[in-house]
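Encoded as structure tokens, the structure appears first; notes follow it.
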Amino acid sequence: GSSQIPGTKELAKELSRILREYIGNKFNLHGTAYTPLEMTQILKKMHYQENLVQSVTQLLEKFENLQYSQAQPNGDLPDVLLNESSNILEQIEKQP
């Protein structure tokens with residue numbers, strides 16, 4: 001049976017897309033196929049704080065790992081991912 005709650009892999013994929021699209025739209029970049037490293041370089045160019053840049057990079061890497069991992073993640077993970085994502089989006093929004 002199909003449940004309404006997406007699996008962690010789907011969630012990671014979706015959040016990763018949202019985060020990259022958001023950053024892309026904010027800086028008028030086209031496409032969402034940026035690697036975590038490219039996102040890091042973009043944010044550094046835009047003079048974002050180092051700790052925020054690292055947070056974004058780590059989160060994108062975490063999403064990638066989850067998408068391709070065979071391991072079964074723990075049940076709290078979706079909430080954690082959603083919280084981390086929204087925190088980072090808020091921080092990006094606050095900075096000029």
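Please read these numbers as outputs of a predicted model, since none were measured by experiment. Just so you know, residue 1 is the first one in the sequence shown, and it goes up from there.
In this structure, Leu15 CG and Leu59 CG are separated by 7.5 Å, a value rounded to the nearest 0.5 Å. Summarising the geometry, atom OH belonging to Tyr22 is positioned 6.5 Å from atom CD1 belonging to Ile92; distances are rounded to the nearest 0.5 Å. Taking CZ from Phe63 and OH from Tyr68, the interatomic distance works out to 13.0 Å, rounded to the nearest 0.5 Å.
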All N/O donor-acceptor pairs, side-chain side in residues 51-58, below 3.5 Å, sequence neighbours left out:
| residue | atom | partner | partner atom | Å |
| --- | --- | --- | --- | --- |
| Ser55 | OG | Asn51 | O | 2.9 |
| Thr57 | OG1 | Thr40 | OG1 | 2.5 |
| Thr57 | OG1 | Val53 | O | 2.8 |

Listing, residues 78-89 side-chain donor-acceptor contacts under 3.5 Å, not counting sequence neighbours, or none:
| residue | atom | partner | partner atom | Å |
| --- | --- | --- | --- | --- |
| Asn83 | ND2 | Asp79 | O | 3.3 |
| Glu84 | OE1 | Lys62 | NZ | 3.1 |
| Glu84 | OE2 | Lys62 | NZ | 2.8 |
| Ser85 | OG | Leu81 | O | 2.7 |
| Ser86 | OG | Leu82 | O | 3.2 |
| Ser86 | OG | Asn83 | O | 3.1 |
| Asn87 | ND2 | Asn83 | O | 3.4 |

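In this structure, the salt bridge (charged side-chain N to carboxylate O under 4.0 Å, His left out) partners of Glu14, at least two apart in sequence or on a different chain, are Arg17.
Minimum interatomic distance between Ser16 and Gln67 (heavy atoms only, all atoms of both residues): CB-NE2, 4.1 Å.
Cluster annotation: Leu37 is not connected to Leu43 through the hydrophobic network of ILVMFWY side chains, with a link wherever side-chain heavy atoms come within less than 4.5 Å. Hydrophobic clustering keeps Leu29 apart from Ile18 (ILVMFWY residues linked when any side-chain heavy atoms are closer than 4.5 Å, directly or through intermediates).
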